[in-house]
Participant: 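Attaching a single structure in structure tokens format; questions to follow.
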Number of protein chains: 2
Amino acid sequence: MVNKDPFYLGRLQDYYALHRLIPSYAEIATLVGVSKQGAVKFIDRMIFAGYISKAPSGRLSPANMFFARPHVGFAPAGFASPATEILGDAITIDDYLVEHPSSTVLVGVQGDSMINAGIHDGDFLIVERNTNPNLGKIVVAIVDGDFTIKYLRSGSRGMYLEPANPDYPDIYPEESLDIYGEVVGQFRKF
Amino acid sequence: MVNKDPFYLGRLQDYYALHRLIPSYAEIATLVGVSKQGAVKFIDRMIFAGYISKAPSGRLSPANMFFARPHVGFAPAGFASPATEILGDAITIDDYLVEHPSSTVLVGVQGDSMINAGIHDGDFLIVERNTNPNLGKIVVAIVDGDFTIKYLRSGSRGMYLEPANPDYPDIYPEESLDIYGEVVGQFRKF
DNA sequence: CAGTATGGTGTACGATCGTACACTACGCAA
DNA sequence: TTGCGTAGTGTACGATCGTACACCATACTG
């Protein structure tokens with residue numbers, strides 16, 4: 001007999017994606033099509049495997065493994081590496097991309113001046129507020145009141161902004177160069 | 001009297017960070033130091049303000065505003081959107097990118113054959129398992145046992161795979177074309 | 001000043017929850 | 001073949017849950 005737990009877990013994960021909450025045993029039972037005690041036993045297995053944990057009240061909450069996604073590698077042999085291997089310690093994409101939540105904002109991209117850096121129109125950037133980023137990093141800068149995304153460079157005339165698109169010119173600050181933050185990540189939906 | 005709701009909400013958020021679950025009304029009451037009915041009224045306010053929502057069972061779950069982080073510092077017009085506004089209904093980047101967790105896997109990208117689609121070496125793709133994707137979509141295909149990421153096209157010789165890089169040739173299947181899934185999202189860390 | 005939201009408290013109640021115990025069916029190894 | 005671990009069902013029960021209704025104090029407003 002095949003192990004049906006992955007199927008049960010999938011149902012649970014879909015429910016969680018919808019409601020951001022692990023339902024009660026009775027709801028799990030109807031969700032996966034077993035009796036309430038079947039759900040209890042199933043959850044016991046999930047707790048043991050690190051997918052689910054219990055709050056002090058006895059209610060269920062997701063644990064680390066619950067967010068891990070299977071990772072399909074390109075190695076001829078490999079199907080089995082879980083997402084935790086490629087994402088390191090992070091358990092969700094959020095955790096992977098956002099290291100300092102309190103100082104991180106998201107910025108939508110307009111235009112294609114950074115297209116050679118893989119930043120396309122409509123993408124979202126994870127920006128960490130930091131007014132003194134390192135040279136060579138992609139930054140969000142304030143030029144004449146407008147936000148712009150460019151490489152931060154330094155030359156004989158001081159710091160300037162360089163696009164990743166030969167159709168656009170470098171930007172040399174007239175008065176001062178205000179850096180809003182540093183681009184630390186990017187994501188996009190197709 | 002000052003509004004104590006932000007303080008109450010902070011307690012709730014701390015609890016949530018610890019247990020990944022909104023507690024019951026009774027627990028909220030002791031958590032913030034009011035009566036159970038005080039907690040009910042407080043949660044009503046939070047629901048109205050979009051911080052909390054209710055699952056079908058009546059249990060509480062976090063909503064969009066619950067995850068919105070305060071925007072530190074001044075910002076010119078047009079840049080004040082917190083993450084929740086950009087992502088629409090989605091609460092986290094995970095929720096935004098992954099619609100069906102149980103059928104979604106992550107794939108690491110090797111090579112630059114899709115570079116003009118903004119998919120670079122080292123990126124991660126969100127792939128939804130689906131053996132019959134629509135034409136024109138970016139797919140993960142299995143060609144001679146190897147995984148490859150390409151546009152799915154159809155021509156006079158049937159379905160084939162087209163890279164997003166003029167340096168690479170189109171791929172016409174010799175025997176059959178196995179589609180592993182469809183690329184629905186992408187993310188990258190800088 | 002009277003009227004009315006607003007943020008609380010207290011009590012009560014049926015529904016649902018998590019837990020426990022007993023039992024069945026099946027696969028597998030000694 | 002016996003024994004045992006695993007996956008599942010059924011029933012039962014006290015505790016807790018979410019909800020409802022009544023009531024109180026403060027603050028603002030016409």
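Computed from a predicted model, the values in this text were never measured in an experiment. Just so we're on the same page: letters track the sequence lines, and every chain starts at 1.
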Participant: What does B:Ser24 touch in the nucleic acid at a heavy-atom separation under 4.0 angstrom: a base, only the sugar-phosphate, or nothing?
Facilitator: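 Sugar-phosphate only.
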Participant: Measure the distance from CZ on A:Phe48 to P on D:dA7 and round it to the nearest whole Å.
Facilitator: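 Going from CZ in A:Phe48 over to P in D:dA7 covers 12 Å.
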Participant: Taking the six-membered ring of B:Tyr96 as reference, does the NZ or CZ atom of A:Lys189 fall below 6.0 Å from its centre and within a 45° cone about the axis?
Facilitator: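 Verdict for B:Tyr96: a cation-pi partner in A:Lys189.
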Participant: The side chain of A:Gln37 is closest to which nucleotide in this list: D:dA20, C:dG8, D:dT11?
Facilitator: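 In terms of side-chain proximity for A:Gln37, the closest of D:dA20, C:dG8, D:dT11 is D:dT11.
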Participant: In terms of the nearest nucleotide of DNA chain C, which residue is placed more toward the 5' end: B:Ser57 or B:Asp5?
Facilitator: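 Closer to the 5' end of DNA chain C: B:Asp5.
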Participant: Considering just the side-chain nitrogens and oxygens of B:Tyr25, establish if one lies under 4.0 Å of OP1 or OP2 belonging to D:dA20.
Facilitator: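 No.
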Participant: Would you please confirm or rule out a distance under 4.0 Å between OP1 or OP2 of D:dA15 and any side-chain N or O of A:Arg59?
Facilitator: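 For D:dA15, OP1/OP2 do not have a side-chain N/O of A:Arg59 under 4.0 Å.
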Participant: Can B:Ser61 and B:Lys54 be counted as having a side-chain donor-acceptor contact under 3.5 angstrom?
Facilitator: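 Judged by distance alone, the side chains do not pair up.
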Participant: Are B:Phe42 and B:Tyr8 near enough that their ring centres are under 6.0 Å apart?
Facilitator: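 Between B:Tyr8 and B:Phe42, which both carry aromatic rings, the centre distance is below 6.0 Å.
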Participant: Does a nitrogen or oxygen in the side chain of A:Arg45 sit under 4.0 Å from OP1 or OP2 of D:dA7?
Facilitator: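 Result: yes.
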Participant: Salt bridge check: are A:Arg153 and A:Glu162 linked by an N-O gap of less than 4.0 Å?
Facilitator: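 Answer for the salt bridge query: yes.
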Participant: For B:Ile43 and C:dG7, give me the distance from atom CD1 to atom C1', rounded to whole Å.
Facilitator: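 Atom-to-atom, B:Ile43 to C:dG7, this comes out as 14 Å.
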Participant: Phosphate oxygens OP1/OP2 of C:dT19: is one of them under 4.0 Å from a side-chain N or O of A:Lys54?
Facilitator: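 Indeed, a polar side-chain atom of A:Lys54 lies that close.
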Participant: Whether the side chain of A:Lys36 and the base of C:dG18 hold a donor-acceptor pair under 3.5 Å is what I'd like checked.
Facilitator: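 By the distance-only test, yes, there is a pair.
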Participant: Whole angstrom is fine here: how far is it from CZ in A:Phe42 over to P in D:dG8?
Facilitator: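 For the pair A:Phe42 CZ and D:dG8 P, the rounded distance is 9 Å.
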Participant: Between the base of D:dG8 and the side chain of A:Lys41, is there a donor-acceptor distance below 3.5 Å?
Facilitator: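 Yes, the side chain and the base share a sub-3.5 Å donor-acceptor pair.
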Participant: Between atom CG in A:Asp44 and atom P in D:dG8, what is the gap in whole Å?
Facilitator: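 One finds 12 Å between P of D:dG8 and CG of A:Asp44, rounded.
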